[in-house]
Amino acid sequence: MNRFAKRFLAALSAAVFAAVGVMATMPAASAAEKTVTVVTDPSFVPFESLDLKTGKYIGFDMDIIRAIAKRAGFQYHLKTMDFNGIIPALQAGSVDIAIAGITITKEREKKIDFSQPYYDSGLRIMVRANNNSIKTVKDFAGKSVSTKIGSTSYNYLTTKVPGIGKVVPFPGTSQMYMALMSGNVDAAFYDAPNVLYFIKTKGHGKVKTVGPLYAGQQYGIAFPKGSSLAGPVNKALESMKKDGTFAKIYKKWFGAEPPADLTR
């Protein structure tokens, strides 16, 4: 082998080793791509809340997103914020997924994308246990009613209940319920599962629900418009419904089998 060939091979070997060294020091892009930001509002029990004993977030939504992430093959960083900030955060692209008992509406679908429905809900009236003057939303005339900022219950009160005395919005459910129990408002109006959970727990014997279920609704997991995560999340949710995982989580938090329309 002549000197030119030896020099060429030596240079080629050095280049190969240098390239391998550079590749070895590069971070794994795939791992970074699989970590997403999930946002929730921890004031919506039993869907999401902070367990003061463990310091971890628990609830129906928390179990659902944990199972979905495992099946869809991504890791996530959980972020919390007030509900009224969630949709703007999705629109801005500062978060990747939102799961917080978010009602699927035509108006919201213009701004963000949703997964298939995973919970059937509606709106409920709650009053103090000794209140017999309010039976339906028609009785809100001249009355003050607490609800949550940015929620469908707020929209319902302000657009579909004429003659209401005053709508008093709060950033969290605990404030709106305490306003009712302390006598600062006449009624509270919010998502049925949260209202019923409060009556069964902290509000037991102090408050009650009256009237029918208003505005039948379904909850969905939310994404920024055009998100590539919607497909994998839907696929994971479908598989959970088929193999019974979804029903198991649902029964854990609500004590009953999920409605048939959610498992088809």
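The backbone N or O of Gln217 lies less than 3.5 Å from no partner atom in the side chain of Ser121, so there is not a single donor-acceptor pair. Remark: side-chain polar atoms of Asp41 are paired, donor with acceptor, to backbone N or O of Phe83 under 3.5 angstrom. Arg124 places no side-chain N or O within donor-acceptor distance of the main-chain N or O of Ala188, the cut-off being under 3.5 Å. For Lys241 (side chain) and Leu262 (main-chain N/O), a donor-acceptor pair under 3.5 Å exists by modelled atom type. Checked by atom type and distance alone, the side chain of Asp82 never pairs as donor or acceptor with a backbone atom of Asn84 at under 3.5 Å. With hydrogens and angles disregarded, a donor-acceptor distance shorter than 3.5 Å links the side chain of Arg108 to the backbone of Thr103. A distance-only check finds a donor-acceptor pair linking the side chain of Asn234 to the backbone of Gln116 [under 3.5 Å].
The only member of Tyr118, Tyr250, Phe60, Trp253 that meets ring pair (Phe, Tyr, Trp, His ring centres under 6.0 Å) when paired with Phe47 is Phe60. Of the residues listed (Lys248, Lys251, Lys252), the one engaging Glu257 in a salt bridge (Lys or Arg N to Asp or Glu O under 4.0 Å) is Lys251, and it is the only one.
Under the 4.5 Å side-chain heavy-atom criterion for Ile, Leu, Val, Met, Phe, Trp and Tyr, Met126 and Met176 are members of the same hydrophobic cluster. When hydrophobic clusters are built by joining Ile, Leu, Val, Met, Phe, Trp and Tyr residues whose side-chain heavy atoms come closer than 4.5 Å, directly or via intermediates, Phe114 is grouped together with Val95. Residues Phe223 and Phe74 share a hydrophobic cluster, clusters being chains of Ile/Leu/Val/Met/Phe/Trp/Tyr side chains in contact below 4.5 Å. Hydrophobic clustering, with ILVMFWY side chains joined whenever heavy atoms are under 4.5 angstrom apart, keeps Ile58 apart from Val39. Put simply, Tyr76 and Leu50 are part of the same group of oily side chains (I, L, V, M, F, W, Y) that touch within less than 4.5 Å, one to the next.
Glu48 contributes atom CD, which lies 11.0 Å from atom CG of Asp63 (distance to the nearest 0.5 angstrom). From Ile97, atom CD1 reaches atom CD1 of Ile65 across 4.5 Å, with rounding to the nearest 0.5 Å. For the atom pair OG of Ser146 and CE of Met178, the computed distance is 11.5 Å after rounding to the nearest 0.5 Å. How far CD1 of Ile99 is from CD1 of Ile64: 6.5 Å, rounded to the nearest 0.5 Å. Gln75 contributes atom CD, which lies 5.0 Å from atom OG1 of Thr35 (distance to the nearest 0.5 angstrom). The distance from the NZ atom of Lys79 to the CE atom of Met81 is 4.5 Å, given to the nearest 0.5 Å.
In the model, Ser133 has no side-chain atom that pairs as donor or acceptor with a side-chain atom of Lys143 under 3.5 Å. Using modelled atom types and a 3.5 Å distance limit, the side chains of Asp61 and Tyr219 yield no donor-acceptor pair. Under 3.5 Å, the side chains of Asp261 and Gln218 contain a donor-acceptor pair of N or O atoms. In this model, a donor atom of one side chain and an acceptor atom of the other lie less than 3.5 Å apart for Ser151 and Ser153.
Residues Phe189 and Val137 form a side-chain contact, since some pair of their non-hydrogen atoms from C-beta on lies under 4.5 Å apart. With contacts defined as side-chain heavy-atom distances shorter than 4.5 Å, the pair Ile104/Pro117 qualifies. Side-chain atoms of Thr173 and Tyr197, non-hydrogen and from C-beta on, never get closer than 4.5 Å to each other. Counting heavy atoms from C-beta on, the side chains of Tyr156 and Leu123 come closer than 4.5 Å. Residues Ser174 and Phe198 form no side-chain contact, since every pair of their non-hydrogen atoms from C-beta on lies 4.5 Å or further apart. Contact of the Ile125 side chain with the Tyr214 side chain is registered, since non-hydrogen atoms from C-beta on lie closer than 4.5 Å. Counting heavy atoms from C-beta outward, Leu196 and Lys200 have side chains that stay 4.5 Å or more apart. Counting heavy atoms from C-beta outward, Thr245 and Arg71 have side chains that approach closer than 4.5 Å.
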Kindly indicate, with the supporting measurements, whether the criterion side-chain contact (heavy atoms from CB on, under 4.5 Å) is fulfilled by Asn194 and Tyr177.
CA-CA 11 Å; Asn194 191 252; Tyr177 291 157; 2.7 Å; yes
Leu78/Val38 under side-chain contact (heavy atoms from CB on, under 4.5 Å): CA gap, chis, key distance, verdict
CA-CA 5 Å; Leu78 186 65; Val38 175; 4.0 Å; yes
With side-chain contact (heavy atoms from CB on, under 4.5 Å) as the test, would you mind laying out the steps for Lys208 and Asn132 before giving the verdict?
CA-CA 10 Å; Lys208 63 183 179 181; Asn132 297 312; 3.1 Å; yes
Applying ring pair (Phe, Tyr, Trp, His ring centres under 6.0 Å), run through Phe254 and Tyr119 and close with a yes or a no.
CA-CA 11 Å; Phe254 304 109; Tyr119 189 84; 5.1 Å; yes
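Annotation for Ile134 and Ala187: closest pair CD1-CB, 4.0 Å, computed over non-hydrogen atoms. Between Ile86 and Thr40, the shortest heavy-atom contact is CD1-C, 4.2 Å. Closest non-hydrogen pair, Ala222 versus Ile112, comes out as CB-CD1, 3.8 Å. Scanning both residues, Ile102 and Ala98, for their nearest heavy atoms gives CD1-CB, 3.7 Å. Of all non-hydrogen atoms in Val127 and Asp186, the two that sit nearest each other are CG1-O, 3.9 Å. Contact record, Thr263 with Pro258: CG2-CG, 3.7 Å, taken as the closest heavy-atom pair.
Close placement of the Tyr190 and Phe44 rings is indicated, their centers lying within 6.0 Å of each other.
More than 12 heavy atoms of other residues, nucleotides or ligands sit less than 6.0 Å from atom NZ of Lys225.
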